[in-house]
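Each remark here refers to the structure printed beneath this line.
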Amino acid sequence: TGKYVNSPETPIYHKGELLYGLANARTAMRHKAEAVVVEGNFDVVALHAAGFDNAVAPLGTAFTSEQAKLLKRFSQQVIITFDGDAAGRKATRAARVPCREGGLEARVVRMPNGLDPDELIRTRGPDALSALIKGSQGLLEHLVQEALDGERFDGASLTERVARVRAVTTLLSDEPDPNLRMMGKRFAD
């Protein structure tokens with residue numbers, strides 16, 4: 001079982017429109033000019049206790065465009081700090097569209113394999129998370145680097161390598177910047 005149980009959706013409670021911890025994080029997000037988005041409620045609690053009072057989490061759903069638009073009211077910059085596992089990597093990739101639709105500038109923290117922000121703080125301390133946040137990279141850059149990741153790319157079959165390069169061209173082709181779109185088109189040809 002998971003760390004927590006989610007409440008059900010109701011006609012007046014729409015998880016995809018709300019963020020856990022927002023009431024406590026709003027002032028800090030404005031002051032720090034960034035929001036830290038984590039996956040779970042326990043991560044929010046742990047981060048707030050460790051001084052990261054600008055942390056919020058989606059409520060039992062994937063990060064949505066509605067949540068991104070809500071965050072934009074408090075900060076244009078968002079630091080995606082999802083878990084260091086396959087689900088966290090998938091959620092990071094999925095956050096690209098909501099961030100774009102919400103008008104957010106997104107950066108990504110690359111969490112150590114198998115750790116979530118709560119565990120990172122408990123085992124390595126708040127400074128470890130601060131360093132990761134400081135070293136975060138733009139979402140597009142992160143996604144391109146992840147697709148072409150050295151060991152996983154080099155050890156992949158030719159078919160897998162081609163699929164990863166195609167994924168990068170799709171990423172570039174979907175960008176609003178015409179120069180990046182042109183690069184994606186050039187690679188695709």
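Throughout, residue positions are numbered sequentially from 1 according to the sequence presented. None of these values were measured; they are calculated from a predicted model.
Atom CG of Leu59 sits about 9.0 Å away from atom OH of Tyr20, to the nearest 0.5 Å. With rounding to the nearest 0.5 angstrom, the CD atom of Glu66 is 10.5 Å from the CG atom of Leu19. Between atom CG of residue Asp85 and atom CZ of residue Arg89 there is a gap of 6.5 Å, rounded to the nearest 0.5 Å. Distance CG/Leu104 to OG/Ser65: 9.5 Å, rounded to 0.5 Å. Note that CZ of Arg93 and CD1 of Ile80 are 12.5 Å apart. Values are rounded to the nearest 0.5 Å. Rounding to the nearest 0.5 angstrom, the gap separating the CZ atom in Phe63 from the CG atom in Leu71 is 5.0 Å.
Considering only heavy atoms from C-beta on, Leu22 comes within 4.5 Å of Met29 through its side chain. Residues Arg96 and Leu143 form a side-chain contact, since some pair of their non-hydrogen atoms from C-beta on lies under 4.5 Å apart. Residues Gln145 and Arg110 have side chains in contact (heavy-atom distance under 4.5 Å, counting atoms from C-beta outward). Using a 4.5 Å heavy-atom threshold, the side chains of His48 and Asn24 count as touching. Looking at Val36 and Val78, their side chains never come closer than 4.5 Å, going by heavy atoms from C-beta outward. Residues Pro58 and Val37 are in side-chain contact: their nearest non-hydrogen atoms beyond the backbone lie under 4.5 Å apart. Put simply, the side chain of Met111 reaches to within 4.5 Å of the side chain of Thr81, judged on heavy atoms. In this structure the side chain of Ile121 reaches within 4.5 angstrom of the side chain of Phe52, judged on heavy atoms.
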Checking Leu47 against Val38 for the side-chain contact (heavy atoms from CB on, under 4.5 Å) test, could you report, in this order, the C-alpha distance in whole Å, the side-chain angles of both residues, the deciding distance, and whether it holds?
CA-CA 9 Å; Leu47 265 66; Val38 294; 3.9 Å; yes

Would you sort out whether Ser136 and Val108 count as a side-chain contact (heavy atoms from CB on, under 4.5 Å), showing the intermediate values?
CA-CA 5 Å; Ser136 63; Val108 177; 5.8 Å; no

Show the numbers, then the answer: is there a side-chain contact (heavy atoms from CB on, under 4.5 Å) between Arg107 and Ile133?
CA-CA 9 Å; Arg107 299 190 61 75; Ile133 289 173; over 6 Å; no

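Between the Ser75 side chain and the Ala33 main chain, a donor and an acceptor come within less than 3.5 Å of each other.
The shortest non-hydrogen separation linking Asp83 to Pro117 is OD1-CD, 3.6 Å. Heavy-atom minimum distance, Ala57 versus Gly40: CB-O, 3.8 Å.
Take Ala28 and apply the side-chain contact (heavy atoms from CB on, under 4.5 Å) test, not counting sequence neighbours, and it matches Asp53, Asn54. With sequence neighbours excluded, the residues that form a side-chain contact (heavy atoms from CB on, under 4.5 Å) with Gln76 are Lys72, Glu105. For the side-chain contact (heavy atoms from CB on, under 4.5 Å) test, residues two or more places apart in sequence or in another chain that qualify with Arg124 are Pro112, Leu115, Leu120, Ala128.
A salt bridge links Asp118 to Arg122: one of the charged nitrogens lies within less than 4.0 Å of a carboxylate oxygen.
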